[in-house]
Amino acid sequence: MESKITIDNKEYELCYKGITILTYREAFRSDLTIDLNASQKRMFEAINQRRERLLDGLENIDDIPDKDLENLLEMSDEEAITLIVESVGPEQLEKFTWACIKSKADLDAKPFPDYKKFMRSIDDYNDFMGSCVVVYNEMIYGNKQIVTPEKDEENKEVKKKTM
């Protein structure tokens, strides 16, 4: 995965690749994969606790249509961000994000500050946390495409020819 985020009006390139695992391990003396899995487990536990709290307050749950239940359990973006920050933890999110930015800088042979120096440079921490949540979601839920698949290109060419 490669992408870009903006922190304090400055654009950063980042990646989540093998080098990210090494960067994280060297900086934090911990395994990124294990920490990601543990954070995901905490997040799912928080989601399940939220779900149970909402459902426990309902009477005659069997009488409620499935669509209404889905709507009730759906989270707003703000709720989802809060849940991620609370269950994963701000420091963990900071470390994941720093490792992704640092590893991309290392791949590109660009200097980048260590974790503490980078954190001291953050002015708008709330905005930074929002960026960290984006990075975390990308790490957990899959890679973003950085090129259009060939099949899509072929479909566009066929559409152009048939129009």
Side-chain angles (χ1 to χ4, degrees), residues 1-105 112-146:
M1 178 238 3
E2 289 190 17
S3 65
K4 296 177 183 180
I5 58 171
T6 302
I7 302 168
D8 291 334
N9 298 317
K10 183 177 178 188
E11 191 171 82
Y12 292 90
E13 293 184 52
L14 54 98
C15 68
Y16 177 47
K17 299 179 176 185
I19 191 170
T20 314
I21 305 294
L22 295 172
T23 300
Y24 187 91
R25 187 178 296 141
E26 289 171 0
F28 305 116
R29 302 288 180 237
S30 187
D31 188 277
L32 177 59
T33 306
I34 291 171
D35 290 350
L36 268 174
N37 287 341
S39 69
Q40 189 175 17
K41 183 178 178 184
R42 290 190 306 272
M43 188 181 71
F44 286 143
E45 288 170 358
I47 290 170
N48 286 333
Q49 288 172 359
R50 177 188 176 275
R51 183 178 190 276
E52 287 174 18
R53 277 194 315 273
L54 290 172
L55 294 178
D56 284 347
L58 297 177
E59 294 181 21
N60 301 325
I61 193 168
D62 294 333
D63 296 337
I64 300 173
D66 289 344
K67 190 68 174 167
D68 291 344
L69 274 177
E70 285 178 33
N71 290 337
L72 175 72
L73 296 173
E74 192 172 301
M75 273 189 267
S76 68
D77 289 344
E78 292 81 18
E79 286 178 297
I81 290 168
T82 299
L83 185 123
I84 291 170
V85 172
E86 288 177 352
S87 60
V88 176
E91 183 179 4
Q92 193 66 67
L93 290 167
E94 295 164 6
K95 289 177 177 180
F96 291 153
T97 301
W98 175 85
C100 288
I101 297 170
K102 170 79 169 126
S103 58
K104 177 63 175 156
F112 193 76
D114 67 21
Y115 171 72
K116 287 183 180 181
K117 190 172 186 177
F118 174 69
M119 288 306 301
R120 284 193 291 266
S121 75
I122 302 297
D123 289 327
D124 186 345
Y125 187 76
N126 287 334
D127 185 53
F128 174 63
M129 266 297 106
S131 295
C132 290
V133 168
V134 169
V135 172
Y136 175 77
N137 280 330
E138 288 178 7
M139 293 172 81
I140 292 293
Y141 295 112
N143 297 331
K144 289 168 96 178
Q145 291 181 355
I146 55 176

Given side chain to side chain contact (heavy atoms under 4.5 Å, CB included), test Leu14 with Thr20 step by step and report yes or no.
CA-CA 9 Å; Leu14 54 98; Thr20 314; over 6 Å; no

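Separating the OG1 atom in Thr82 from the CZ atom in Arg50 is a distance of 11.0 Å, to the nearest 0.5 Å. One distance of note links NZ of Lys4 with CD of Glu11; it measures 4.5 Å at 0.5 Å rounding. Between the CE atom in Met75 and the CZ atom in Arg51 there is a gap of 11.5 Å [rounded to 0.5 Å]. Within the model, atoms SG of Cys100 and CD of Glu138 stand 8.5 Å from one another, a figure rounded to the nearest 0.5 Å. The distance from the OG atom of Ser103 to the CD1 atom of Ile21 is 9.0 Å, given to the nearest 0.5 Å. To the nearest 0.5 Å, atoms OG (Ser131) and CD1 (Ile5) are separated by 4.5 Å.
Sorted by first and then second residue, the side chain to side chain donor-acceptor pair (under 3.5 Å) pairs involving residues 120-130 (not counting sequence neighbours) are Glu94-Tyr125.
Taking both residues in full, the closest heavy atoms of Tyr16 and Leu32 are given as CE1-CD2, 3.6 Å, listed atom of the first, atom of the second, then distance. The two residues Thr97 and Val135 make their nearest non-hydrogen contact at OG1-CB, 3.8 Å. When all heavy atoms of Ser30 and Asp35 are compared, the closest pair comes out as OG-OD2, 2.7 Å. Across Met139 and Leu36, no two heavy atoms sit closer than the pair CE-CD1, 3.8 Å.
Proximity of a side-chain donor or acceptor of Asp31 to a complementary backbone N or O of Thr33 within less than 3.5 Å is detected. The main-chain N or O of Pro113 is found under 3.5 Å from a side-chain atom of Trp98 such that the two form a donor-acceptor pair.
Relative ring orientation between Phe112 and Tyr12 is described as perpendicular, the plane-to-plane angle rising above 60° on a 0-90° scale split at 30° and 60°.
Counting only heavy atoms from C-beta outward, the side chains of Glu2 and Lys17 approach each other to under 4.5 Å. Between Met119 and Phe128 the shortest side-chain heavy-atom distance falls below 4.5 Å.
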Identify all side-chain donor-acceptor contacts of residues 40-49 below 3.5 Å with residues at least two apart in sequence or on another chain.
unit_1: Arg42; atom_1: NE; unit_2: Ser87; atom_2: O; d: 2.9
unit_1: Arg42; atom_1: NH2; unit_2: Val88; atom_2: O; d: 3.1
unit_1: Asn48; atom_1: ND2; unit_2: Phe44; atom_2: O; d: 3.4

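The salt bridge (Lys or Arg N to Asp or Glu O under 4.0 Å) test applied to Glu78 returns no partner, not counting sequence neighbours.
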